[in-house]
There are 2 protein chains.
Amino acid sequence: MKLSTKSRYAVTAMLDLAIHDKIGPVTLADISQSQGISLSYLEQLFAKLRKNGLVEGVRGPGGGYRLSRPSDEITVARIITAVDENVTMTRCAGKGTCQDGERCLTHQLWDDLSEQLYSFLDGITLDQFSNRPEVQQVAQRQDAQHQRAHHHFIFRRTAA
Amino acid sequence: MKLSTKSRYAVTAMLDLAIHDKIGPVTLADISQSQGISLSYLEQLFAKLRKNGLVEGVRGPGGGYRLSRPSDEITVARIITAVDENVTMTRCAGKGTCQDGERCLTHQLWDDLSEQLYSFLDGITLDQFSNRPEVQQVAQRQDAQHQRAHHHFIFRRTAA
DNA sequence: TAATTCCTGAGCTGCATAGTCAGGATTTAG
DNA sequence: CTAAATCCTGACTATGCAGCTCAGGAATTA
């Protein structure tokens with residue numbers, strides 16, 4: 001379990017997807033602009049998220065990324081481990097293979113704590129954030145703007 | 001909230017102190033050897049722990065570091081923030097000062113999550129680990145060895 | 001006085017983070 | 001069918017920071 005800027009980028013980007021899930025795929029260019037993360041870096045992160053089955057890409061015009069499952073099945077823990085796949089932090093991985101007895105003792109305790117932390121974050125899903133009333137409000141306002149600006153094919157489709 | 005090797009070192013070192021609290025101060029040299037962390041790096045970490053009132057140093061022969069409060073008052077969260085004092089991770093710190101509305105929204109959600117995480121780790125104290133029966137056993141065995149090896153003044157003291 | 005330990009600060013190295021660049025693959029719009 | 005939009009991939013670069021070294025000073029005790 002590791003927590004860095006990288007993890008934060010991944011989580012906030014996924015939140016972005018969850019918030020705008022209804023209007024279809026979100027482009028990385030949009031996320032890059034709205035959150036101030038470089039496009040290519042986002043592409044690296046999303047490559048990992050895709051490999052871990054958390055998102056799926058839609059190619060071509062009007063494409064982008066969307067969540068590959070409902071937002072109540074995607075936990076923060078899974079997002080973090082997807083981008084930071086460096087899992088085992090202690091050398092002996094709590095197995096007791098260290099030479100010194102004491103080192104292993106503290107390693108074991110750490111791994112235990114690490115697991116508690118994972119369980120905690122594995123209980124937090126994206127929809128716990130995206131379903132809040134304030135969030136919904138802002139999202140609707142932004143989605144409307146978005147439609148006016150770019151995708152008038154959506155407008156036509158809903159009008160038809 | 002940030003979680004790295006640095007934080008892990010700090011937490012495991014503090015666990016070491018908590019485990020051997022009874023026999024008095026623990027030297028950084030001991031921790032360095034038993035946990036495989038360089039002495040000078042430990043000194044840097046403990047400088048921060050001391051500034052944050054979590055440990056106190058005892059100089060001179062027979063000295064070392066000890067917890068500055070009972071182990072049930074020291075939480076994992078406080079240890080981590082002590083060594084990683086880079087607190088505000090989002091630019092606007094969840095205040096809503098970002099230009100773009102959306103960036104602020106996700107920043108706010110992240111800060112919210114970060115706070116949840118802090119509360120969780122702030123509920124985990126050192127004594128929850130050091131008071132376990134297995135830990136107590138190992139500690140006693142190690143403390144006995146320690147006395148035989150180095151500090152025979154303690155032996156004399158207890159024998160007198 | 002000498003040994004032990006904390007304590008401080010400056011400086012080094014390697015790796016991960018964060019970003020750039022260039023180009024290809026796939027889909028949709030026109 | 002062509003062109004645009006977008007995902008997708010891989011290689012490359014720079015910067016920061018984790019982790020460590022070195023050198024020395026201050027306080028305490030034997």
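Proteins get letters first, then strands, A, B, ... in listed order; numbering begins at 1 in each. All values below were derived from every heavy atom in this structure, side-chain atoms included, with hydrogens, water molecules and symmetry-related copies excluded.
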Going by heavy atoms in the side chains, are [X] and [Y] under 4.5 Å from each other?
X        : Y       : result
B/Leu126 : B/Glu73 : no
B/Lys48  : B/Leu54 : no
B/Tyr65  : B/Glu56 : no

Measure from [atom1] on [X] to [atom2] on [N] and round the result to the nearest Å.
X       : N      : atom1 : atom2 : answer
A/Arg59 : D/dA5  : CZ    : C1'   : 12 Å
A/Leu28 : D/dC8  : CG    : P     : 8 Å
B/Lys48 : D/dG19 : NZ    : P     : 11 Å
A/Glu56 : C/dT27 : CD    : P     : 13 Å
B/Glu43 : C/dA10 : CD    : P     : 16 Å
B/Tyr41 : C/dT8  : OH    : P     : 17 Å
A/Leu39 : C/dT20 : CG    : P     : 9 Å
A/Ile37 : C/dT17 : CD1   : C1'   : 13 Å

- Item | A/Asp16 versus B/Thr106, side-chain donor and acceptor atoms under 3.5 Å | no
- Task: Verify the distance criterion only: is there a donor paired with an acceptor across the side chains of A/Lys22 and A/Gln136 at less than 3.5 Å?
- Result: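 Yes, side-chain donor-acceptor contact under 3.5 Å.
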- Query: Hey, does A/Phe46 reach any base, or is it just sugar-phosphate, or nothing, if we go heavy atoms under 4.0 Å?
  - Reply: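 Touches nothing.
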- Message: Looking only at the side chain of A/Lys2 (C-beta and beyond, no hydrogens), which of the listed nucleotides C/dA16, D/dC20, C/dC7 gets closest?
- Response: C/dA16
- Query: In terms of side-chain heavy atoms of B/Pro61, which of C/dT4, D/dT9, D/dC20 is nearest?
  - Reply: C/dT4
- Message: Which is more 5' along DNA chain C, the nucleotide nearest B/Gln44 or the one nearest B/Gly64? Just name the residue.
- Response: B/Gly64
Would you say a side-chain N or O of [X] is under 4.0 Å from OP1 or OP2 of [N]?
X       : N      : result
A/Thr5  : C/dA18 : yes
A/Tyr65 : D/dC8  : yes
A/Lys51 : D/dT9  : no

